[in-house]
Structures are given as structure tokens and as C-alpha cells.
Amino acid sequence: MLLDKQLIADSNAAAITEHQRKFNFTAAGIDNVEAIIKKLMNFQVAIPSWALGTGGTRFGRFPGAGEPGSLEEKIEDVGLLHALNNSSGAISLHIPWDIPTDANAIKALAAQHGLLFDAVNSNTFQNQPNQKESYKFGSLQHVDKAVRKQAIDHNIEVIKHGVALGSKSLTVWLADGSCFPGQLNFRRAFENTLEGLHEIYAALPEDWKVFVEYKAYEPNFYSMAVGDWGQSLLYANKLGKQAYTLVDLGHHLPNANIEQIVSLLLMEGKLGGFHFNDSKYGDDDLTVGSMKPYQLFLIFNELVEGMDAKGMDHATDLGWMIDASHNVKDPLEDLLQSVEAIMIAYTHALLVDRKKLNEAQLNNDVVAAQEVLQNTFRTDVRSIVAEARLRAGAALDPLSFFRSGKIRAQLIKDRGINTIATGL
Ligand code: AFD
Ligand code: MN
Ligand code: MN
């Protein structure tokens with residue numbers, strides 16, 4: 001389903017006066033607003049293929065209506081999001097769920113929607129039909145070399161699929177670990193995992209990156225093979241210059257200081273990218289910014305400060321991706337909310353008065369430093385984000401347009417009530 005751009009233009013025209021009033025008021029006090037808008041227009045967040053359908057928990061899944069049932073339909077959904085917000089210009093695939101029958105046709109379909117292929121994700125946390133070796137006791141860590149080899153071969157196959165689609169990165173999230181004390185020899189598990197990662201790394205095209213994603217717990221509840229940022233950094237440093245850490249916001253123990261982790265990984269040049277989501281308790285995969293919007297802003301504050309210190313390109317030098325699961329919301333509405341939260345946090349971070357903050361820090365003026373951040377966070381920047389969309393021909397208010405435009409109803413008409421989408 002290709003959105004009629006004229007309908008978006010008409011909807012924008014109806015709201016333009018109010019938008020201009022808000023934008024002129026907000027922009028009046030911001031002398032670098034044009035530079036900020038330019039950055040927002042370039043900033044793209046990759047949408048995970050597995051988030052386009054209703055997720056589920058171990059207690060059940062309640063599929064929504066008109067959800068995608070094929071890779072083609074997933075690409076069409078991301079194309080819809082991108083037409084609405086101009087900030088969802090890539091899709092991240094999960095192999096083997098998203099193996100294209102015809103890679104060239106899929107590439108052409110993505111191009112028609114203005115989409116690129118972001119990182120490809122391997123899957124050694126499930127046994128696939130007819131799979132010879134079982135991952136029940138892990139994959140790259142496994143005591144049996146045959147299981148490790150199967151996992152290595154799978155990751156190398158995933159790279160090949162990514163190359164065919166123009167992707168430039170592989171994300172390895174290992175569910176490996178242990179559920180009980182004594183189950184694993186930690187050193188042997190680390191050495192097995194590192195050996196496998198080295199073989200995967202050797203298969204990377206020279207212009208590719210590999211992201212080693214860490215997670216504190218789940219599905220193993222006593223230890224994980226890559227359990228925290230330190231372990232991920234250890235692997236990445238041992239693997240080489242194409243290996244990086246991947247920060248999934250939901251993968252930290254409660255109250256972890258993620259903004260400090262991000263700042264230090266960025267300093268080391270080993271921050272590969274993000275899986276954005278939000279959480280109250282664990283790896284809840286909730287809508288970005290729905291629980292801890294201030295933390296999201298503090299993370300972006302460190303990112304902008306750290307990237308500018310290194311002269312990095314905000315849009316291209318890190319992997320920006322959502323990793324979420326929707327159980328009670330329309331997936332597309334949830335994703336529109338998530339992208340909006342990311343763009344707002346990024347705008348706030350671009351607005352921070354770095355000179356004033358730095359002065360306050362050097363003078364140990366704690367209150368002044370806090371005021372700089374809190375005043376910025378309390379500034380309503382939604383009209384700036386909307387202006388960036390308007391200038392790109394996207395919707396001033398993507399969520400309202402989606403809901404009032406009865407787009408889901410059209411998708412149900414096109415696809416039927418319940419298509420079983422593959423994915424988490
Ligand atoms: C699950 C894992 C992890 C991984 C994602 C996609 O917790 O976040 O990145 O699946 O494989 O959410
Ligand atoms: Mn993730
Ligand atoms: Mn996760």
C-alpha cells in the first residue's frame with residue numbers, strides 16, 4: 001500500500017496555521033534551529049521487521065488485524081511509516097524469518113518505498129524445523145563443537161543474505177548462558193563463544209560491522225554469555241576494528257546508568273548502535289520514551305556531546321534501531337510513537353547549551369548544570385520535529401493522520417483479519 005502524498009499534503013494544509021504559530025514561537029529563541037532541522041531530516045531510525053506484527057509473551061499472543069504476513073508486507077508497512085514521518089528509512093531483518101525468495105525483487109520493493117536494509121539479525125535462540133543440532137544448551141558457547149559450527153555457519157549465511165540486500169552490519173544477540181550455578185564453566189563458555197565470533201568476524205565483508213549485543217538476563221536467568229557492556233566490549237576489542245557493542249535499552253539491570261555506559265563506549269570508539277525501547281522492569285520492549293523519557297534524553301545528551309567531540313556524523317556513524325514488541329497496541333501506531341520519542345529526545349540533545357553546561361561543570365556549579373539539562377528537557381520541541389517532517393513532505397502529525405486516515409482499516413481490507421506474522 002503506497003500512501004497518497006496528496007492526502008498528506010491536504011492534511012498538513014488544514015493544520016498549517018496552528019503549526020506555524022507554534023513553530024515560530026518555539027524557534028524564536030533558537031538561533032541554530034535551521035541546523036537542527038537539517039539534522040532531524042537526515043536522522044533515520046531502522047524499524048525491526050519483527051515489530052510490525054503483534055508480539056507476544058510466553059503467556060500468549062493476541063494478533064491484531066491486517067498485520068503483515070510476508071516480507072513484502074513488512075516492507076510496505078515500514079514504507080507507510082516512512083511516508084508519514086520521514087524518519088523510518090530502513091528495515092532490519094531477522095534471519096531465517098525474513099529470507100527473501102528473490103533478493104533483487106525485495107531490494108526493488110524497498111527502494112520503491114525509499115528504504116534501506118539496516119543490520120541483519122541472526123537467530124541461534126530457537127531450533128528451526130529440521131535443524132540438526134539443538135540450541136537448548138546454547139549455541140556459540142556449546143560444549144559440542146558440532147552445535148558451535150552450526151551456529152557459526154548460520155551467522156555466515158545471515159551475512160550472505162545481508163550482502164544480497166545491501167545491508168552493512170550483522171547483529172549477534174546470543175541467548176546463550178546458564179540457568180543454574182555450576183551449569184557452565186564460565187571461562188570455557190567465553191572461550192568457545194570468542195572462537196565462534198572470530199570465525200564469524202573473518203567472514204565479514206571489509207565494509208561491514210558486527211554488533212555484539214549484550215543482555216543481563218533472559219532466556220537464561222543465572223548468567224548470559226554476553227551479559228553486560230563490559231563483556232560485549234571485551235569481545236569487541238578481541239575481535240577487531242569492525243566489531244562493536246550494541247546497546248539495547250532494555251538489557252540492563254534495574255537503575256543501570258545507561259547514559260554513562262553510552263558515553264564511555266562512545267569515548268572508546270566501540271559503540272556500534274542502539275536497540276531503542278523502554279521498560280519498567282526488564283526487557284519489556286515497550287514504546288520508546290513511554291516510561292523514562294528523561295533517561296532517553298540523557299542518553300541522547302551524551303551521544304550528541306560524545307559524537308561532536310569526535311566529529312562523527314550523527315546520521316550515519318552509529319546504528320539507530322528500534323527493538324520493541326507490541327502486545328496491546330497497533331504495531332504501526334506504537335512505532336510512530338517510538339520514532340517521535342526518539343526525534344524529540346534527539347532535538348532536546350541538540351538544543352543543550354554546551355557552553356553553559358561545560359562552564360557549570362568546570363565550576364562545580366551542580367545546580368546550574370542541572371538547570372541547563374532540565375530547562376532543555378522542559379522545552380516543547382514537537383513543532384521543530386514536525387517542521388522537519390513538513391519540509392520533507394511527510395505528515396505534520398503522523399499518528400493522527402494514521403488514525404484518522406483509517407489506514408489500518410485499509411490494511412485489513414487488503415490483507416484480511418489475522419495474518420500470522422512471524423517474529424518475536
Ligand atoms: C529479543 C532479544 C534481543 C534481540 C531481539 C532480536 O532480547 O533484544 O535484539 O530479540 O533478535 O528482543
Ligand atoms: Mn535487541
Ligand atoms: Mn531484547
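For ligands, and for the atoms within them, numbers begin at 1 and follow the listed sequence. Remember, predicted model here, so these are calculated numbers, not experimental data. FYI, side chains are in, hydrogens and waters are out, and symmetry mates aren't considered; it's all heavy atoms of this structure.
Separating the CZ atom in Phe402 from the CG atom in Asp397 is a distance of 13.0 Å, to the nearest 0.5 Å.
The atoms of ligand 1 that sit less than 4.0 Å from any heavy atom of Glu213 are 3 (C), 4 (C), 8 (O), 9 (O). Close approach to Asp285 involves these atoms of ligand 1, each under 4.0 Å from a residue heavy atom: 12 (O). Less than 4.0 angstrom separates some heavy atom of Asp323 from each of these atoms of ligand 1: 3 (C), 4 (C), 5 (C), 8 (O), 9 (O), 12 (O). Ligand 1 places these atoms under 4.0 Å from at least one heavy atom of Asp248: 8 (O). Counting the atoms of ligand 1 from 1 in the order shown, those under 4.0 Å from a heavy atom of Lys215 are 2 (C), 7 (O).
Checked against His314 for a ring-ring contact (aromatic ring centres under 6.0 Å, His included), the options Tyr346, Phe300, Phe43 give a single hit: Tyr346. Just one of His251, His252, His275 meets the ring-ring contact (aromatic ring centres under 6.0 Å, His included) condition when paired with Tyr214; it is His252.
The nearest N/O/S atom of His251 to the Mn ion (ligand 3) is NE2. Residue Asp283 approaches the Mn ion (ligand 3) most closely through its N/O/S atom OD2.
Between Ala203 and Ile156, the shortest heavy-atom distance links the atoms CB-CG1, 3.7 Å. Among all heavy-atom pairs drawn from Phe274 and Leu249, the shortest one is CD2-CD2, 4.1 Å.
Considering the Mn ion (ligand 2) as centre, the angle to OD2 of Asp323 and to OE2 of Glu213 is 170° (10° rounding). Our summary of the site lists the angle at the Mn ion (ligand 2) between OD2 of Asp248 and ND1 of His275 as 110°, to the nearest 10 degrees.
Considering backbone and side-chain atoms alike, Asp283 places an N or O below 3.5 Å from some N or O of ligand 1.
Atom NZ of Lys136 has 12 or fewer neighbouring heavy atoms from other residues, nucleotides or ligands inside a 6.0 Å radius.
Not one N, O or S atom of Glu218 sits under 2.8 Å from the Mn ion (ligand 3).
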Which is it for Tyr222 and Phe180 under the ring pair (Phe, Tyr, Trp, His ring centres under 6.0 Å) test, yes or no, and what are the steps along the way?
CA-CA 5 Å; Tyr222 172 63; Phe180 298 98; 8.2 Å; no
Could you go step by step and tell me if Glu34 and Arg391 meet the salt bridge (Lys or Arg N to Asp or Glu O under 4.0 Å) rule?
CA-CA 11 Å; Glu34 286 304 319; Arg391 295 189 192 183; 2.6 Å; yes
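Remark: among candidates His94, His275, His251, the nearest residue to atom 3 (C) of ligand 1 is His251, based on non-hydrogen atoms.
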